[in-house]
Chemist: 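The structure that follows is given in the form of structure tokens.
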Protein chains: 2
Amino acid sequence: MTMRRRPTIHEVARVAGVSISSVSRALNGNTSNADMVARVNAAVREVGYVPSVVAQSLKTRHTGQVAFAMEDIGNAAYLEMVRRIQPTLREEGYRLLLHSTGADVEDELGVLASLSQNYVDGLILCPLRVTDRHVEALRQTAVPVVVIGLLPDDVPVDNVRADSRVGARLAVEHLAEAGARRIAFIDGPLDTVPGRARYDGYRRGLAAAGLPEDDALVRFTDFQFDAGRKAARELLTVHPGIDAVLGANDLIAMGVLHALRELGRDVPGDVRVVGMDDTPLAATSFPPLSSVSLGSADRGRIAAELLLRRLEGDDAPAERVTVPPSLTVRESSR
Amino acid sequence: MTMRRRPTIHEVARVAGVSISSVSRALNGNTSNADMVARVNAAVREVGYVPSVVAQSLKTRHTGQVAFAMEDIGNAAYLEMVRRIQPTLREEGYRLLLHSTGADVEDELGVLASLSQNYVDGLILCPLRVTDRHVEALRQTAVPVVVIGLLPDDVPVDNVRADSRVGARLAVEHLAEAGARRIAFIDGPLDTVPGRARYDGYRRGLAAAGLPEDDALVRFTDFQFDAGRKAARELLTVHPGIDAVLGANDLIAMGVLHALRELGRDVPGDVRVVGMDDTPLAATSFPPLSSVSLGSADRGRIAAELLLRRLEGDDAPAERVTVPPSLTVRESSR
DNA sequence: TTGAAAGCGCTACCAT
DNA sequence: ATGGTAGCGCTTTCAA
């Protein structure tokens with residue numbers, strides 16, 4: 001265990017026989033003397049010098065770090081975002097700091113207040129809910145913030161959103177076109193933003209397809225596998241005439257697939273099924289699950305790009321980007 | 001957009017009418033004068049002071065940050081680790097920096113060399129392969145490192161490992177007990193640590209069950225769904241007598257399930273299937289997939305705990321923890 | 001072009 | 001107990 005302290009710019013200067021200013025300049029490309037650069041580089045290699053980013057940050061007032069704060073990295077949608085955010089930021093030399101808030105609103109606010117005043121140059125936030133206090137905090141962050149999710153129109157913050165209402169509608173229209181007439185919907189809680197939007201989209205889809213609404217075909221549960229399974233089992237037992245089910249996310253839809261199998265119904269022969277989010281689950285289920293992609297990966301990438309623009313000093317008015325949903329049709333609704 | 005500079009400790013001192021030393025002491029609990037603490041806190045609130053972690057880091061020589069470097073956060077096993085690492089570190093006040101290396105060995109080394117000399121107090125590394133250069137780099141990192149995965153015994157670095165060899169063996173023994181006689185194995189690349197270990201475990205399992213080895217029943221591909229599907233299709237077309245398939249991870253096993261369905265073979269009636277990693281996929285597949293858990297969540301937690309001990313100054317000899325695998329039997333092999 | 005020196009905001013030592 | 005002050009390692013003026 002070598003316990004030598006890391007070499008500083010002073011060692012490099014000493015070995016190269018120049019001043020620390022010259023070392024700094026040579027390293028940052030602020031010199032035109034090729035010989036100087038060569039000498040400094042040689043000294044750097046010799047002593048194994050790595051600049052202290054901390055000292056650099058203190059001086060330059062930026063850290064090269066960006067944080068992504070979301071509820072739980074375990075959620076497939078956030079995961080997709082991270083997978084795109086990281087390389088996008090990295091290409092520009094930023095490191096990614098991860099912040100799972102664990103559905104804790106206070107913590108989300110804490111992140112906004114302190115984290116944004118500290119150790120990061122920017123922040124991508126994916127809030128579960130947006131309260132007045134969020135808005136307040138967003139208005140006075142010390143660094144650029146991009147919010148992924150719904151945000152009131154008057155908040156001057158870059159914002160990337162999905163359109164899950166249109167997404168649900170797409171799914172319903174697709175099912176109707178495929179010949180379905182009694183389309184059930186298993187939703188998450190109606191008091192969540194996505195739950196509400198997807199329900200609205202479902203109803204619009206029915207209207208667009210000229211199908212009647214029937215409350216008996218709708219269930220509000222949780223965004224979970226077991227919830228979908230249970231709801232589908234009940235729904236299809238009471239209403240055997242249901243010929244299609246839309247699940248408000250892929251987990252619910254997977255639960256529906258299981259329920260149908262248990263009930264001996266063929267998918268898509270007897271009942272067509274569509275999910276939402278288009279997670280990796282969808283492609284590997286049996287039968288492969290049609291699903292509405294809400295563009296998580298794109299939202300992540302776009303959020304990162306917006307933030308990078310701000311970090312480069314762009315101070316144009318806040319932008320609002322909506323990523324359009326797209327339906328991937330697989331066997332479950334073909 | 002308020003463009004005021006963040007207040008520093010000097011503003012607080014001025015408002016509180018004390019010296020900056022007193023502010024620092026009050027804030028860090030190094031004073032016993034309750035009145036002083038109160039005055040300082042009041043001033044802190046008044047000016048909205050948040051200490052600069054950058055300046056603190058420069059002074060104290062630690063950053064409060066820990067990095068987790070792995071191949072791709074999209075992998076379910078790594079994800080499980082992150083989900084446990086983050087809260088564990090966070091409880092002790094450390095932030096988590098994420099570093100997907102994208103299967104790039106050079107990049108992995110780069111992380112070790114520069115990242116460990118910089119902006120983090122410690123590092124959790126989950127290398128895909130361990131080369132001599134890794135070992136070399138590990139020997140001279142500037143901060144404590146914990147490696148999740150297999151590491152040569154003489155490398156003095158804390159190490160948390162799964163026992164995927166025993167895991168694969170467990171799976172084979174279980175299949176044999178269930179009556180399987182011709183157990184195929186679809187592995188990832190043999191030159192990866194898990195690929196190698198699982199293959200060894202497979203062979204030991206066969207030996208333990210008194211079954212003959214048959215190279216024709218083994219395929220080395222990728223740890224992916226499509227790879228598993230394709231390999232299974234070929235394998236079962238050429239060798240219809242195969243009565244069980246072990247997939248080296250759940251994705252492969254899911255691919256196997258699909259291939260079998262396409263070939264019209266019943267699972268588990270004709271062919272039993274077992275996967276590895278016990279990801280969420282397993283429980284929601286059809287039929288639900290038996291899978292060997294390698295304790296990803298536990299490994300993540302333990303790695304974080306080991307690292308925290310080092311960060312607290314513990315300099316006991318490097319520890320080696322092995323998390324035992326466990327088999328969850330579901331319908332696919334019942 | 002180069003070097004000296006002034007900080008960036010903080011902690012901790014040393015006087016008082 | 002409190003305040004002054006010397007750095008932490010760097011970048012960037014400013015003179016030479």
Side-chain angles (χ1 to χ4, degrees), chain A residues 4-41 43-44 47-65 93 114-121 142-143, chain B residues 4-41 43-44 47-65 93 114-121 142-143:
Chain A
R4 275 204 351 92
R5 271 265 289 284
R6 333 175 14 186
T8 72
I9 197 170
H10 289 96
E11 273 82 271
V12 178
R14 195 174 45 71
V15 170
V18 298
S19 75
I20 64 165
S21 333
S22 296
V23 175
S24 175
R25 274 189 296 258
L27 258 30
N28 296 309
N30 295 321
T31 186
S32 36
N33 185 337
D35 184 51
M36 171 71 85
V37 173
R39 288 176 65 184
V40 168
N41 282 334
V44 164
V47 303
Y49 173 69
V50 180
S52 156
V53 288
V54 172
Q56 285 178 323
S57 295
L58 182 59
K59 192 67 200 176
T60 62
R61 310 176 151 289
H62 53 82
T63 61
Q65 298 190 155
S114 109
L115 190 150
S116 87
Q117 308 238 351
N118 256 310
Y119 51 83
V120 293
D121 299 336
V143 297
Chain B
R4 276 203 352 92
R5 271 265 288 285
R6 331 175 14 184
T8 71
I9 196 170
H10 289 96
E11 273 81 88
V12 179
R14 194 175 44 72
V15 170
V18 299
S19 74
I20 62 165
S21 332
S22 295
V23 175
S24 175
R25 273 189 296 259
L27 258 30
N28 295 309
N30 296 321
T31 186
S32 39
N33 185 336
D35 185 49
M36 170 70 85
V37 173
R39 287 176 65 184
V40 168
N41 282 334
V44 164
V47 303
Y49 173 71
V50 181
S52 156
V53 288
V54 172
Q56 284 179 324
S57 295
L58 182 59
K59 190 69 200 175
T60 62
R61 310 177 152 287
H62 53 84
T63 61
Q65 298 189 155
S114 111
L115 191 150
S116 87
Q117 307 239 350
N118 258 311
Y119 50 84
V120 294
D121 298 337
V143 298

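Values below: all heavy atoms of this structure, side chains included; hydrogens, waters and symmetry mates excluded. Naming convention: chains lettered A, B, ... in sequence-line order (proteins, then strands); numbering from 1 in each chain.
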Chemist: Not counting sequence neighbours, list each pair that qualifies as a side-chain hydrogen bond (donor to acceptor under 3.5 Å, both in side chains) and has a residue in residues 28-41 of chain A.
Modeler: A:S24-A:N28
Chemist: Give the first and the last nucleotide of DNA chain C, reading 5' to 3', that has any atom under 4.0 Å from a heavy atom of chain B.
Modeler: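 Using the under 4.0 Å cut-off, the span is C:dG9 to C:dC13.
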Chemist: So how far is it from A:D121 CG to A:H62 NE2, rounded to the nearest 0.5 Å?
Modeler: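 A:D121 CG to A:H62 NE2: 7.0 Å, rounded to 0.5 Å.
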Chemist: What's the spacing between B:L27 CG and B:R25 CZ if we round to 0.5 Å?
Modeler: 12.0 Å
Chemist: Please name all residues satisfying side-chain contact (heavy atoms from CB on, under 4.5 Å) with A:Q65, sequence neighbours left out, ordered by chain then number.
Modeler: A:T63, A:R95, A:L97, A:Y119, A:V120, B:Q65, B:L97, B:Y119
Chemist: Using side-chain contact (heavy atoms from CB on, under 4.5 Å) as the criterion, list what pairs up with A:S19, not counting sequence neighbours.
Modeler: A:S21, A:S22
Chemist: Give me, pair by pair, the N or O atoms of the protein and of nucleotides 6-9 of chain D that are less than 3.5 Å apart, along with how far apart they are.
Modeler:
| residue | atom | partner | partner atom | Å |
| --- | --- | --- | --- | --- |
| D:dG7 | N2 | B:K59 | NZ | 2.7 |
| D:dG7 | N3 | B:K59 | NZ | 3.0 |
| D:dC8 | O3' | B:R61 | NH2 | 2.7 |
| D:dG9 | OP1 | A:R5 | NH2 | 3.3 |
| D:dG9 | OP1 | B:R61 | NH2 | 2.5 |

Chemist: Considering all heavy atoms of both residues, which atom of A:V37 and which atom of A:A26 are nearest to each other, and what is their separation?
Modeler: CA-CB, 4.2 Å
Chemist: A:S22 near the nucleic acid: base, sugar-phosphate alone, or nothing, with a heavy-atom cut-off under 4.0 Å?
Modeler: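 It contacts sugar-phosphate atoms only.
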Chemist: Return yes if the base of D:dG4 and the side-chain atoms of B:S19 contain a donor-acceptor N/O pair under 3.5 Å, otherwise no.
Modeler: no
Chemist: To check you understand the geometry: which heavy-atom pair defines the closest contact between A:A16 and A:V40, and what is its length?
Modeler: CB-CA, 4.4 Å
Chemist: Given 3.5 Å as the limit, does a donor-acceptor pair link the side chain of B:S57 with the main chain of A:V54, or not?
Modeler: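 No, B:S57 side chain to A:V54 backbone: no donor-acceptor pair under 3.5 Å.
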Chemist: For the atom pair CD1 (B:I9) and CD (B:Q56), what is the distance rounded to the nearest 0.5 Å?
Modeler: 8.5 Å
Chemist: Please round to 10 degrees the angle between the axis of the first five pairs and the axis of the last five pairs in the helix from C:dT1-D:dA16 to C:dT16-D:dA1.
Modeler: 50°
Chemist: Partners of B:V15 by side-chain contact (heavy atoms from CB on, under 4.5 Å), sequence neighbours excluded?
Modeler: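 B:V15 satisfies side-chain contact (heavy atoms from CB on, under 4.5 Å) with B:A43, B:E46, B:V47 only.
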Chemist: Kindly compute the distance separating CD (A:E11) from CZ (A:R6), expressed to the nearest 0.5 Å.
Modeler: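 So the gap between those two atoms works out to 11.0 Å.
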Chemist: Please give me every residue in residues 23-41 of chain B whose heavy atoms get under 4.0 Å of an atom in DNA chain C, ordered by residue number.
Modeler: B:S24, B:R25, B:N28
